[in-house]
Amino acid sequence: MLDLKLMQKSPDLVRESLAKRGSGVDVGEFLTLDERRKALIAEGEALKAERNAAGPEIARRKKAGEDAAALLARMGEISERVKALDAELTEVEAAERDWLLSVPNMPHESVPVGASEADNPVLRHWGEKPVMDFAPKEHWELGVALGGLDFERAAKLAGSRFSLSFGWCARLERALAQFMLDVQTSQHGYTEVIPPYIVNRKTMTGTGQLPKFEEDLFRLEGTDYFLIPTAEVPLTNIFAGEFMDEADLPVRFCALTPCFRSEAGSYGKDTKGLIRLHQFHKVEMVNFAHPERSYEALETMTAAAEKILQLLGIPYRVIALCTGDMGFGATKTYDIEVWLPGQNQYREISSCSNCGDFQARRADIRFRSPGEKKPRYVHTLNGSGLAVGRCLVAVMENFQQADGSIAIPDALKPYMGGIEIIEPR
RNA sequence: GGAGAAGUGGCCGAGUUGGCUGAAGGCGCACGCCUGCUAAGCGUGUAUACGGUGUAGAGCCGUAUCGAGGGUUCAAAUCCCUCCUUCUCCGCCA
(Lines give C-alpha, C1' and ligand atoms only; values in the text may rest on other atoms or scores of the structure.)
Protein backbone atom coordinates (compact mmCIF):
# COMPACT_ATOMS: atom_id res chain seq x y z
CA MET A 1 0.00 0.00 0.00
CA LEU A 2 1.29 3.40 -0.94
CA ASP A 3 1.65 6.27 1.48
CA LEU A 4 -1.52 8.36 1.62
CA LYS A 5 0.49 11.51 2.26
CA LEU A 6 2.67 10.85 -0.75
CA MET A 7 -0.43 10.41 -2.88
CA GLN A 8 -1.77 13.75 -1.71
CA LYS A 9 1.47 15.69 -1.99
CA SER A 10 3.08 14.20 -5.06
CA PRO A 11 0.47 12.51 -7.22
CA ASP A 12 2.55 13.10 -10.35
CA LEU A 13 5.54 11.36 -8.86
CA VAL A 14 3.38 8.35 -8.06
CA ARG A 15 1.83 8.35 -11.50
CA GLU A 16 5.20 8.47 -13.24
CA SER A 17 6.71 5.82 -11.04
CA LEU A 18 3.87 3.40 -11.62
CA ALA A 19 3.87 4.11 -15.34
CA LYS A 20 7.37 2.64 -15.43
CA ARG A 21 5.95 -0.71 -14.49
CA GLY A 22 3.35 -0.41 -17.17
CA SER A 23 0.65 0.18 -14.63
CA GLY A 24 -1.72 2.89 -15.81
CA VAL A 25 -3.12 4.08 -12.54
CA ASP A 26 -5.75 6.78 -12.39
CA VAL A 27 -4.40 8.94 -9.61
CA GLY A 28 -7.02 11.57 -10.33
CA GLU A 29 -9.78 9.15 -9.40
CA PHE A 30 -8.16 8.70 -6.03
CA LEU A 31 -7.68 12.41 -5.43
CA THR A 32 -11.35 13.06 -6.19
CA LEU A 33 -12.30 10.48 -3.58
CA ASP A 34 -9.90 12.04 -1.13
CA GLU A 35 -11.36 15.51 -1.58
CA ARG A 36 -14.80 14.15 -0.85
CA ARG A 37 -13.48 12.33 2.17
CA LYS A 38 -11.94 15.46 3.62
CA ALA A 39 -15.13 17.45 3.10
CA LEU A 40 -17.16 14.79 4.91
CA ILE A 41 -14.69 14.72 7.77
CA ALA A 42 -14.68 18.50 8.11
CA GLU A 43 -18.45 18.78 8.36
CA GLY A 44 -18.85 15.74 10.59
CA GLU A 45 -16.13 16.73 13.01
CA ALA A 46 -17.47 20.24 13.42
CA LEU A 47 -20.83 18.79 14.42
CA LYS A 48 -19.27 16.27 16.75
CA ALA A 49 -17.28 19.03 18.40
CA GLU A 50 -20.50 20.95 19.03
CA ARG A 51 -22.15 17.88 20.43
CA ASN A 52 -19.23 17.12 22.72
CA ALA A 53 -19.15 20.70 23.95
CA ALA A 54 -22.83 20.54 24.87
CA GLY A 55 -22.50 17.31 26.82
CA PRO A 56 -21.54 18.75 30.21
CA GLU A 57 -24.24 21.44 29.96
CA ILE A 58 -26.92 18.83 29.35
CA ALA A 59 -25.70 16.78 32.26
CA ARG A 60 -25.70 19.88 34.49
CA ARG A 61 -29.24 20.96 33.57
CA LYS A 62 -30.65 17.49 34.00
CA LYS A 63 -29.02 17.20 37.37
CA ALA A 64 -30.34 20.61 38.41
CA GLY A 65 -33.79 19.82 37.07
CA GLU A 66 -33.64 22.63 34.51
CA ASP A 67 -35.14 22.53 31.04
CA ALA A 68 -32.86 21.06 28.39
CA ALA A 69 -35.43 20.41 25.67
CA ALA A 70 -34.10 22.94 23.15
CA LEU A 71 -30.58 21.69 23.57
CA LEU A 72 -31.66 18.09 23.21
CA ALA A 73 -33.57 18.91 20.06
CA ARG A 74 -30.46 20.45 18.55
CA MET A 75 -28.45 17.40 19.59
CA GLY A 76 -30.99 15.22 17.86
CA GLU A 77 -30.52 17.13 14.62
CA ILE A 78 -26.77 16.85 14.92
CA SER A 79 -26.88 13.14 15.54
CA GLU A 80 -29.05 12.55 12.54
CA ARG A 81 -26.77 14.55 10.29
CA VAL A 82 -23.64 12.95 11.74
CA LYS A 83 -25.10 9.54 11.07
CA ALA A 84 -25.65 10.36 7.41
CA LEU A 85 -22.19 11.86 7.06
CA ASP A 86 -20.54 8.87 8.72
CA ALA A 87 -22.38 6.48 6.45
CA GLU A 88 -21.11 8.23 3.36
CA LEU A 89 -17.65 8.56 4.84
CA THR A 90 -17.54 4.83 5.39
CA GLU A 91 -18.32 4.28 1.73
CA VAL A 92 -15.76 6.77 0.49
CA GLU A 93 -13.08 5.36 2.77
CA ALA A 94 -13.82 1.84 1.60
CA ALA A 95 -13.49 2.95 -2.02
CA GLU A 96 -10.24 4.69 -1.20
CA ARG A 97 -8.89 1.66 0.60
CA ASP A 98 -9.84 -0.62 -2.26
CA TRP A 99 -8.02 1.68 -4.60
CA LEU A 100 -4.89 1.80 -2.45
CA LEU A 101 -4.87 -1.95 -1.89
CA SER A 102 -4.94 -2.72 -5.58
CA VAL A 103 -2.16 -0.34 -6.61
CA PRO A 104 1.32 -1.90 -6.88
CA ASN A 105 4.46 -0.68 -5.17
CA MET A 106 6.72 1.93 -6.73
CA PRO A 107 10.02 0.62 -8.11
CA HIS A 108 13.28 1.76 -6.55
CA GLU A 109 15.29 4.23 -8.60
CA SER A 110 18.01 1.64 -9.19
CA VAL A 111 15.62 -0.73 -10.97
CA PRO A 112 16.19 -0.89 -14.73
CA VAL A 113 13.27 0.43 -16.72
CA GLY A 114 11.78 -2.12 -19.07
CA ALA A 115 8.58 -3.60 -20.36
CA SER A 116 8.97 -7.34 -19.91
CA GLU A 117 11.27 -10.14 -18.88
CA ALA A 118 13.14 -9.60 -22.13
CA ASP A 119 14.49 -6.40 -20.61
CA ASN A 120 15.92 -7.98 -17.46
CA PRO A 121 19.69 -7.47 -17.38
CA VAL A 122 21.95 -10.34 -16.34
CA LEU A 123 24.13 -9.19 -13.45
CA ARG A 124 26.50 -12.11 -12.99
CA HIS A 125 27.16 -15.75 -13.68
CA TRP A 126 28.52 -18.38 -11.32
CA GLY A 127 29.91 -21.83 -12.08
CA GLU A 128 30.67 -23.75 -15.21
CA LYS A 129 28.02 -25.55 -17.17
CA PRO A 130 28.76 -29.27 -16.91
CA VAL A 131 30.38 -30.77 -19.98
CA MET A 132 28.33 -33.66 -21.29
CA ASP A 133 29.42 -35.82 -24.20
CA PHE A 134 25.92 -37.20 -24.52
CA ALA A 135 22.47 -35.74 -25.03
CA PRO A 136 21.35 -34.60 -21.57
CA LYS A 137 17.89 -35.69 -20.57
CA GLU A 138 15.18 -33.67 -18.95
CA HIS A 139 14.51 -34.35 -15.29
CA TRP A 140 11.16 -36.03 -15.76
CA GLU A 141 12.68 -38.52 -18.16
CA LEU A 142 15.45 -39.31 -15.68
CA GLY A 143 13.14 -39.38 -12.70
CA VAL A 144 10.60 -41.70 -14.26
CA ALA A 145 13.24 -44.03 -15.70
CA LEU A 146 14.92 -44.32 -12.32
CA GLY A 147 11.64 -45.07 -10.60
CA GLY A 148 11.61 -41.90 -8.54
CA LEU A 149 8.79 -39.97 -10.20
CA ASP A 150 5.33 -41.06 -11.28
CA PHE A 151 3.25 -38.37 -12.92
CA GLU A 152 0.53 -40.70 -14.16
CA ARG A 153 -0.40 -41.85 -10.71
CA ALA A 154 -0.07 -38.30 -9.40
CA ALA A 155 -2.69 -37.29 -11.96
CA LYS A 156 -4.88 -40.16 -10.84
CA LEU A 157 -4.65 -39.05 -7.23
CA ALA A 158 -5.13 -35.35 -7.75
CA GLY A 159 -4.94 -34.22 -11.36
CA SER A 160 -2.46 -32.50 -13.59
CA ARG A 161 0.30 -30.36 -12.10
CA PHE A 162 0.88 -32.66 -9.16
CA SER A 163 3.81 -34.94 -8.49
CA LEU A 164 4.39 -38.22 -6.73
CA SER A 165 7.87 -39.17 -5.59
CA PHE A 166 9.24 -42.47 -4.39
CA GLY A 167 12.35 -43.75 -2.72
CA TRP A 168 15.53 -41.97 -3.66
CA CYS A 169 13.64 -39.07 -5.23
CA ALA A 170 11.56 -38.36 -2.13
CA ARG A 171 14.70 -38.71 -0.04
CA LEU A 172 16.68 -36.40 -2.29
CA GLU A 173 14.02 -33.72 -2.00
CA ARG A 174 14.02 -34.10 1.78
CA ALA A 175 17.82 -33.94 1.77
CA LEU A 176 17.77 -30.73 -0.21
CA ALA A 177 15.27 -29.12 2.11
CA GLN A 178 17.24 -30.14 5.19
CA PHE A 179 20.45 -28.91 3.65
CA MET A 180 18.93 -25.54 2.79
CA LEU A 181 17.49 -25.04 6.25
CA ASP A 182 20.77 -26.02 7.85
CA VAL A 183 22.73 -23.53 5.77
CA GLN A 184 20.34 -20.64 6.30
CA THR A 185 20.00 -21.21 10.03
CA SER A 186 23.61 -21.99 10.87
CA GLN A 187 25.44 -19.72 8.43
CA HIS A 188 23.13 -16.80 7.69
CA GLY A 189 21.43 -16.00 10.96
CA TYR A 190 17.96 -17.27 10.14
CA THR A 191 15.57 -18.58 12.74
CA GLU A 192 13.61 -21.58 11.56
CA VAL A 193 9.83 -21.30 11.72
CA ILE A 194 6.95 -23.67 11.16
CA PRO A 195 3.99 -21.46 10.30
CA PRO A 196 0.37 -22.24 9.45
CA TYR A 197 -0.07 -23.41 5.87
CA ILE A 198 -3.58 -22.04 5.86
CA VAL A 199 -4.17 -18.38 6.61
CA ASN A 200 -7.05 -15.94 6.73
CA ARG A 201 -8.00 -13.10 4.41
CA LYS A 202 -6.37 -10.42 6.51
CA THR A 203 -3.02 -12.15 6.36
CA MET A 204 -3.26 -12.60 2.60
CA THR A 205 -4.06 -8.91 2.31
CA GLY A 206 -1.09 -7.94 4.46
CA THR A 207 1.43 -9.26 1.96
CA GLY A 208 -0.53 -8.25 -1.13
CA GLN A 209 -1.95 -11.53 -2.49
CA LEU A 210 -5.39 -10.10 -1.79
CA PRO A 211 -7.55 -8.41 -2.87
CA LYS A 212 -6.14 -8.44 -6.38
CA PHE A 213 -4.88 -11.96 -6.95
CA GLU A 214 -7.48 -14.20 -5.39
CA GLU A 215 -7.70 -16.29 -8.57
CA ASP A 216 -4.10 -17.41 -8.04
CA LEU A 217 -4.93 -18.90 -4.65
CA PHE A 218 -6.64 -22.01 -3.40
CA ARG A 219 -9.46 -21.11 -1.08
CA LEU A 220 -11.16 -23.55 1.24
CA GLU A 221 -14.75 -23.50 0.09
CA GLY A 222 -17.25 -22.04 2.49
CA THR A 223 -14.57 -20.40 4.60
CA ASP A 224 -12.28 -17.43 4.47
CA TYR A 225 -9.22 -19.65 4.66
CA PHE A 226 -6.61 -19.83 1.93
CA LEU A 227 -3.72 -22.21 1.31
CA ILE A 228 -0.46 -20.29 1.36
CA PRO A 229 1.18 -19.76 -2.04
CA THR A 230 4.49 -19.13 -0.28
CA ALA A 231 5.74 -18.97 3.31
CA GLU A 232 6.34 -15.28 2.70
CA VAL A 233 2.69 -14.80 3.64
CA PRO A 234 2.65 -16.24 7.16
CA LEU A 235 6.24 -15.22 7.95
CA THR A 236 5.85 -11.58 6.96
CA ASN A 237 2.59 -11.29 8.87
CA ILE A 238 4.05 -12.66 12.10
CA PHE A 239 4.43 -9.14 13.48
CA ALA A 240 1.32 -7.70 11.86
CA GLY A 241 -0.21 -4.99 14.04
CA GLU A 242 2.82 -4.95 16.31
CA PHE A 243 5.71 -2.75 17.24
CA MET A 244 9.13 -4.31 16.80
CA ASP A 245 12.21 -3.32 18.77
CA GLU A 246 14.60 -1.31 16.65
CA ALA A 247 17.50 -3.06 18.37
CA ASP A 248 16.19 -6.42 17.15
CA LEU A 249 16.38 -5.46 13.48
CA PRO A 250 17.07 -7.16 11.25
CA VAL A 251 14.93 -10.15 12.17
CA ARG A 252 15.41 -13.10 9.86
CA PHE A 253 13.02 -16.02 9.56
CA CYS A 254 13.11 -19.00 7.28
CA ALA A 255 10.66 -21.83 6.80
CA LEU A 256 10.22 -24.96 4.80
CA THR A 257 6.61 -25.18 3.68
CA PRO A 258 4.51 -26.57 0.91
CA CYS A 259 3.27 -23.86 -1.44
CA PHE A 260 -0.07 -24.03 -3.20
CA ARG A 261 -0.80 -22.18 -6.40
CA SER A 262 -3.77 -22.43 -8.69
CA GLU A 263 -1.60 -21.55 -11.71
CA ALA A 264 -4.61 -19.99 -13.33
CA GLY A 265 -3.72 -18.72 -16.75
CA SER A 266 -0.67 -20.93 -17.18
CA TYR A 267 -2.35 -23.46 -19.46
CA GLY A 268 0.15 -25.07 -21.77
CA LYS A 269 3.19 -23.75 -19.90
CA ASP A 270 5.60 -26.26 -18.38
CA THR A 271 3.05 -29.01 -18.50
CA LYS A 272 5.63 -31.73 -17.96
CA GLY A 273 7.77 -32.39 -14.95
CA LEU A 274 8.27 -30.59 -11.67
CA ILE A 275 8.72 -27.02 -12.88
CA ARG A 276 5.18 -25.74 -12.46
CA LEU A 277 2.97 -27.53 -9.95
CA HIS A 278 -0.05 -26.79 -7.83
CA GLN A 279 1.93 -27.94 -4.81
CA PHE A 280 5.65 -27.71 -4.18
CA HIS A 281 8.10 -27.26 -1.34
CA LYS A 282 10.09 -24.13 -0.80
CA VAL A 283 12.47 -22.81 1.83
CA GLU A 284 11.56 -19.18 2.19
CA MET A 285 13.56 -16.41 3.82
CA VAL A 286 11.95 -13.29 5.24
CA ASN A 287 13.72 -10.24 6.67
CA PHE A 288 12.35 -7.42 8.75
CA ALA A 289 14.91 -4.72 8.09
CA HIS A 290 15.63 -1.20 9.22
CA PRO A 291 14.45 1.16 6.45
CA GLU A 292 17.92 2.60 6.07
CA ARG A 293 19.50 -0.79 5.55
CA SER A 294 16.96 -2.74 3.56
CA TYR A 295 18.77 -2.55 0.24
CA GLU A 296 21.92 -3.92 1.86
CA ALA A 297 19.73 -6.65 3.29
CA LEU A 298 18.50 -7.48 -0.21
CA GLU A 299 22.08 -8.07 -1.35
CA THR A 300 22.80 -10.20 1.70
CA MET A 301 19.65 -12.23 1.26
CA THR A 302 20.35 -12.85 -2.40
CA ALA A 303 23.84 -13.99 -1.50
CA ALA A 304 22.35 -16.38 1.05
CA ALA A 305 20.21 -17.94 -1.65
CA GLU A 306 23.16 -18.14 -4.06
CA LYS A 307 25.21 -19.87 -1.39
CA ILE A 308 23.03 -22.97 -1.64
CA LEU A 309 23.77 -23.38 -5.33
CA GLN A 310 27.45 -22.69 -4.80
CA LEU A 311 27.68 -25.40 -2.17
CA LEU A 312 25.85 -27.81 -4.45
CA GLY A 313 28.04 -26.84 -7.39
CA ILE A 314 25.19 -25.90 -9.73
CA PRO A 315 25.80 -23.10 -12.25
CA TYR A 316 23.45 -20.15 -12.17
CA ARG A 317 23.05 -16.53 -13.11
CA VAL A 318 21.52 -13.59 -11.30
CA ILE A 319 19.28 -11.15 -13.10
CA ALA A 320 17.65 -7.91 -12.02
CA LEU A 321 13.96 -7.68 -12.77
CA CYS A 322 13.08 -4.58 -14.77
CA THR A 323 10.23 -2.28 -13.79
CA GLY A 324 7.79 -4.04 -16.10
CA ASP A 325 8.48 -7.53 -14.75
CA MET A 326 8.48 -6.97 -11.00
CA GLY A 327 5.92 -8.40 -8.64
CA PHE A 328 3.11 -6.40 -7.09
CA GLY A 329 4.71 -5.55 -3.76
CA ALA A 330 8.37 -5.26 -4.71
CA THR A 331 10.51 -2.16 -4.98
CA LYS A 332 13.42 -4.19 -6.28
CA THR A 333 13.89 -7.84 -7.18
CA TYR A 334 16.72 -10.19 -8.11
CA ASP A 335 15.99 -13.54 -9.66
CA ILE A 336 18.41 -16.43 -9.50
CA GLU A 337 18.21 -18.78 -12.45
CA VAL A 338 19.82 -22.22 -12.51
CA TRP A 339 21.22 -23.85 -15.56
CA LEU A 340 19.24 -26.90 -16.68
CA PRO A 341 21.18 -28.98 -19.21
CA GLY A 342 18.18 -31.13 -20.06
CA GLN A 343 16.09 -28.11 -20.93
CA ASN A 344 19.11 -26.26 -22.28
CA GLN A 345 18.09 -23.06 -20.57
CA TYR A 346 18.19 -21.10 -17.34
CA ARG A 347 15.15 -21.38 -15.07
CA GLU A 348 14.14 -19.31 -12.10
CA ILE A 349 14.88 -20.97 -8.78
CA SER A 350 14.75 -18.01 -6.46
CA SER A 351 13.28 -14.55 -6.37
CA CYS A 352 14.53 -12.08 -3.76
CA SER A 353 12.63 -8.86 -3.23
CA ASN A 354 12.72 -5.80 -1.08
CA CYS A 355 9.16 -4.65 -0.53
CA GLY A 356 10.15 -1.50 1.32
CA ASP A 357 7.32 -0.33 3.57
CA PHE A 358 4.63 -1.53 1.17
CA GLN A 359 3.73 -4.67 3.09
CA ALA A 360 4.54 -3.16 6.47
CA ARG A 361 1.98 -0.44 5.84
CA ARG A 362 -0.64 -2.99 4.83
CA ALA A 363 0.11 -5.28 7.74
CA ASP A 364 0.92 -2.43 10.16
CA ILE A 365 4.40 -3.48 11.27
CA ARG A 366 6.27 -0.62 12.90
CA PHE A 367 9.11 0.24 15.24
CA ARG A 368 10.05 3.20 17.38
CA SER A 369 13.33 5.00 17.17
CA PRO A 370 14.50 6.66 20.41
CA GLY A 371 15.27 9.99 18.74
CA GLU A 372 12.09 10.15 16.68
CA LYS A 373 8.59 11.05 17.68
CA LYS A 374 6.70 9.05 15.13
CA PRO A 375 6.84 5.30 14.72
CA ARG A 376 8.24 4.13 11.39
CA TYR A 377 7.35 1.21 9.21
CA VAL A 378 9.92 -1.56 8.94
CA HIS A 379 10.98 -2.77 5.54
CA THR A 380 10.15 -6.34 4.62
CA LEU A 381 12.08 -8.59 2.28
CA ASN A 382 11.46 -12.08 1.07
CA GLY A 383 13.37 -14.55 -1.02
CA SER A 384 13.44 -18.22 -1.86
CA GLY A 385 16.34 -20.01 -0.31
CA LEU A 386 15.50 -22.04 -2.45
CA ALA A 387 12.58 -23.56 -4.29
CA VAL A 388 13.13 -27.19 -3.32
CA GLY A 389 11.36 -28.89 -6.20
CA ARG A 390 13.13 -26.85 -8.83
CA CYS A 391 16.42 -27.41 -7.06
CA LEU A 392 15.74 -31.13 -7.26
CA VAL A 393 15.32 -30.66 -10.98
CA ALA A 394 18.63 -28.82 -11.16
CA VAL A 395 20.47 -31.57 -9.28
CA MET A 396 18.99 -34.28 -11.46
CA GLU A 397 19.79 -32.54 -14.73
CA ASN A 398 23.23 -31.22 -13.80
CA PHE A 399 24.50 -34.39 -12.15
CA GLN A 400 23.17 -36.88 -14.67
CA GLN A 401 25.63 -39.32 -16.19
CA ALA A 402 25.83 -40.82 -19.66
CA ASP A 403 24.28 -44.08 -18.43
CA GLY A 404 21.20 -42.33 -17.07
CA SER A 405 22.36 -42.39 -13.47
CA ILE A 406 22.48 -39.37 -11.20
CA ALA A 407 25.43 -38.57 -8.93
CA ILE A 408 24.74 -37.08 -5.52
CA PRO A 409 26.47 -33.73 -4.93
CA ASP A 410 29.03 -33.87 -2.15
CA ALA A 411 27.13 -31.38 -0.03
CA LEU A 412 24.09 -33.66 0.05
CA LYS A 413 25.87 -36.92 0.82
CA PRO A 414 25.60 -36.50 4.60
CA TYR A 415 21.83 -36.30 4.12
CA MET A 416 21.46 -39.32 1.82
CA GLY A 417 22.20 -42.14 4.20
CA GLY A 418 25.11 -43.51 2.23
CA ILE A 419 23.61 -43.21 -1.22
CA GLU A 420 26.15 -41.63 -3.56
CA ILE A 421 24.66 -42.36 -6.92
CA ILE A 422 21.21 -43.19 -8.25
CA GLU A 423 21.46 -45.93 -10.80
CA PRO A 424 19.03 -47.69 -13.10
CA ARG A 425 17.96 -51.04 -11.78
C1' G B 1 -18.58 -29.78 19.81
C1' G B 2 -20.88 -28.39 25.14
C1' A B 3 -20.52 -25.07 29.72
C1' G B 4 -18.26 -20.91 32.04
C1' A B 5 -14.60 -16.48 32.35
C1' A B 6 -12.03 -12.76 29.98
C1' G B 7 -10.01 -9.18 25.94
C1' U B 8 -8.16 -1.49 28.29
C1' G B 9 -2.25 2.64 26.19
C1' G B 10 5.02 -0.31 24.45
C1' C B 11 3.93 -3.90 28.80
C1' C B 12 1.13 -4.86 33.46
C1' G B 13 -3.17 -3.17 35.54
C1' A B 14 -7.63 0.26 37.74
C1' G B 15 -12.26 1.79 35.99
C1' U B 16 -19.09 -1.16 34.23
C1' U B 17 -25.85 3.05 39.18
C1' G B 18 -23.75 5.77 30.86
C1' G B 19 -21.63 12.24 30.73
C1' C B 20 -16.23 15.54 34.66
C1' U B 21 -11.68 8.87 31.75
C1' G B 22 -7.49 9.11 26.19
C1' A B 23 -8.44 6.87 30.23
C1' A B 24 -5.77 6.23 37.89
C1' G B 25 -1.47 3.47 39.38
C1' G B 26 2.88 0.60 38.24
C1' C B 27 6.72 -1.02 34.76
C1' G B 28 9.50 0.33 30.65
C1' C B 29 11.47 4.36 27.91
C1' A B 30 13.30 9.75 27.18
C1' C B 31 15.24 14.23 29.18
C1' G B 32 16.89 16.93 33.51
C1' C B 33 18.65 17.09 38.73
C1' C B 34 21.25 14.83 42.51
C1' U B 35 24.67 11.45 43.82
C1' G B 36 29.55 10.44 41.94
C1' C B 37 31.80 5.24 40.44
C1' U B 38 29.03 0.26 36.81
C1' A B 39 23.33 0.99 42.58
C1' A B 40 19.69 4.07 44.33
C1' G B 41 16.85 8.68 44.78
C1' C B 42 14.03 13.15 42.88
C1' G B 43 11.48 15.91 38.91
C1' U B 44 9.27 16.27 34.12
C1' G B 45 7.65 13.95 29.91
C1' U B 46 5.94 9.61 27.24
C1' A B 47 -0.45 6.35 22.44
C1' U B 48 -2.01 6.14 17.37
C1' A B 49 -4.60 7.70 13.11
C1' C B 50 -7.11 11.29 10.52
C1' G B 51 -8.80 16.52 9.61
C1' G B 52 -7.76 21.95 10.09
C1' U B 53 -4.02 25.60 10.67
C1' G B 54 1.00 25.92 9.63
C1' U B 55 7.80 27.78 10.48
C1' A B 56 3.83 21.82 6.26
C1' G B 57 5.94 14.88 9.81
C1' A B 58 7.72 22.25 15.32
C1' G B 59 3.44 24.08 17.69
C1' C B 60 -1.72 24.70 18.23
C1' C B 61 -7.09 23.30 17.52
C1' G B 62 -10.50 19.34 16.51
C1' U B 63 -12.34 14.23 15.74
C1' A B 64 -11.91 9.10 16.43
C1' U B 65 -9.92 4.83 18.84
C1' C B 66 -10.67 0.78 25.69
C1' G B 67 -10.61 -7.19 20.69
C1' A B 68 -13.78 -6.34 15.68
C1' G B 69 -18.47 -4.86 13.71
C1' G B 70 -23.47 -3.30 14.50
C1' G B 71 -27.47 -1.26 17.90
C1' U B 72 -29.88 1.77 21.99
C1' U B 73 -29.06 7.08 23.60
C1' C B 74 -28.56 14.03 23.14
C1' A B 75 -24.20 11.16 25.09
C1' A B 76 -21.05 4.35 25.90
C1' A B 77 -14.66 1.56 27.83
C1' U B 78 -19.28 1.37 30.73
C1' C B 79 -26.23 -1.13 28.29
C1' C B 80 -27.88 -4.79 24.03
C1' C B 81 -26.65 -8.08 19.60
C1' U B 82 -23.19 -10.70 16.28
C1' C B 83 -18.32 -12.27 15.36
C1' C B 84 -12.99 -13.16 16.60
C1' U B 85 -9.31 -14.52 20.11
C1' U B 86 -7.54 -16.31 24.85
C1' C B 87 -8.16 -19.07 29.51
C1' U B 88 -10.76 -23.02 32.65
C1' C B 89 -13.83 -27.55 32.85
C1' C B 90 -16.20 -31.59 29.90
C1' G B 91 -16.22 -34.28 25.24
C1' C B 92 -13.24 -35.78 21.01
C1' C B 93 -8.69 -36.67 18.85
C1' A B 94 -2.75 -36.96 16.04
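Each chain gets a letter, A, B and so on, in the order its sequence line appears, and its residues count up from 1. Please read all numbers here as calculations on a predicted model, not as lab measurements.
Of all nucleotides listed (B:U63, B:A49, B:C50), B:U63 comes nearest to the side chain of A:Ala49. When the nucleotides B:U63, B:A75, B:C50 are ranked by their closest atom to the side chain of A:Arg51, B:A75 comes out on top.
With respect to A:Asp224 and A:Arg219, a salt bridge is recorded, a charged nitrogen being found less than 4.0 Å from a carboxylate O. Using a cut-off of 4.0 Å between Lys/Arg side-chain N and Asp/Glu carboxylate O, A:Glu242 and A:Arg366 are scored as not salt-bridged. Salt-bridge annotation for A:Asp270 and A:Lys272: absent, with no side-chain N of the basic residue lying under 4.0 Å from a carboxylate O of the acidic one. Ion pairing between a basic and an acidic side chain is recognised when a charged N comes within 4.0 Å of a carboxylate O; A:Glu263 and A:Arg276 show such pairing.
Across all strands, A:Asp245 comes closer than 4.0 Å to no nucleic acid atom at all (heavy-atom distances). Within the 4.0 angstrom heavy-atom criterion, no nucleotide atom of any strand lies near A:Glu77. Here A:Arg61 lies out of heavy-atom contact (under 4.0 Å) with every strand. Looking at heavy-atom distances under 4.0 Å, A:Lys83 makes contact with sugar-phosphate atoms alone, never a base.
Applying the salt bridge (charged side-chain N to carboxylate O under 4.0 Å, His left out) rule to A:Glu296 yields no partners; only residues at least two apart in sequence or on another chain are considered. The salt bridge (charged side-chain N to carboxylate O under 4.0 Å, His left out) search around A:Asp119 returns none, not counting sequence neighbours.
B:G2 and B:U8 have their P atoms separated by 25 Å, given to the nearest Å. B:A76 and B:C66 have their P atoms separated by 11 Å, with the value rounded to a whole Å. B:A14 and B:G25: their C1' atoms are spaced 7 Å apart (whole Å). Comparing B:G9 with B:G45, their C1' atoms are spaced 15 Å from each other, to the whole Å. Nucleotides B:A23 and B:U46 are separated by 15 Å at their C1' atoms, to the nearest Å. Taking atom C1' in both B:G67 and B:G7, the straight-line distance is 6 Å, to the nearest Å. Nucleotides B:C42 and B:A47 place their C1' atoms 26 Å apart, quoted to the nearest Å. Nucleotides B:U17 and B:G54, compared at atom P, are 45 Å apart to the nearest Å.
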Name each donor-acceptor pair under 3.5 Å that joins a side chain in residues 38-45 of chain A to protein atoms two or more places apart or in another chain, with its distance.
from    : atom 1 : to      : atom 2 : distance (Å)
A:Glu43 : OE1    : A:Arg81 : NH2    : 3.2
A:Glu43 : OE2    : A:Arg81 : NE     : 2.8
A:Glu43 : OE2    : A:Arg81 : NH2    : 2.9

Hey, can you pull the donor-acceptor pairs under 3.5 Å for the side chains in residues 321-329 of chain A, sequence neighbours left out?
from     : atom 1 : to       : atom 2 : distance (Å)
A:Thr323 : OG1    : A:Lys20  : O      : 2.7
A:Thr323 : OG1    : A:Gly114 : N      : 3.0
A:Thr323 : OG1    : A:Gly114 : O      : 3.1
A:Asp325 : OD2    : A:Asn120 : ND2    : 2.9

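In this structure, A:Lys9 reaches the B:G57 phosphate: one of its side-chain N or O atoms is under 4.0 Å from OP1 or OP2. Within the 4.0 Å cut-off from OP1 or OP2 of B:G51, at least one side-chain nitrogen or oxygen of A:Gln8 is found. Proximity of A:Lys48 to the phosphate of B:U65: no side-chain N or O atom is located under 4.0 Å from OP1 or OP2. Look at A:Ser79 and you'll find a side-chain N or O under 4.0 angstrom from OP1 or OP2 of B:A75. Residue A:Asn52 has a polar side-chain atom (N or O) positioned under 4.0 Å from OP1 or OP2 of B:U63.
Across all strands shown, B:C37 forms no Watson-Crick or G-U wobble pair with both distances under 3.5 Å. The partner of B:U53 is B:G59, by the rule that a Watson-Crick or G-U pair needs both atom distances under 3.5 Å. The pairing partner recorded for B:C27 is B:G10, the criterion being a Watson-Crick or G-U wobble arrangement whose two distances lie under 3.5 angstrom. The nucleotide B:C42 finds its pairing partner in B:G32, both defining distances of the Watson-Crick or G-U wobble pair being shorter than 3.5 Å. Nucleotide B:U86: paired with B:A5 (Watson-Crick or G-U wobble, both distances less than 3.5 Å). Using Watson-Crick or G-U wobble geometry with both donor-acceptor distances under 3.5 Å, B:A77 finds no partner in any strand shown.
In this entry the distance linking CG of A:Asp86 with C1' of B:U65 reads 13 Å, nearest Å. Rounded to an integer number of Å, the gap from A:Glu96 CD to B:C50 P is 11 Å. Atom NZ of A:Lys5 is separated from atom P of B:U48 by 14 Å (rounded to the nearest Å). We find that CZ of A:Phe243 is positioned 6 Å from P of B:G10, with the value rounded to whole Å.
Listed in residue order, the members of residues 32-45 of chain A having a heavy atom less than 4.0 Å from RNA chain B are A:Arg37, A:Lys38, A:Ile41, A:Glu45.
Where A:Ala46 and A:Gly55 each meet RNA chain B at their nearest nucleotide, the meeting point lying more 5' is that of A:Gly55.
Contacts classified as side chain to side chain donor-acceptor pair (under 3.5 Å) and involving residues 167-179 of chain A (residues at least two apart or in different chains) are given here: A:Glu173-A:His281.
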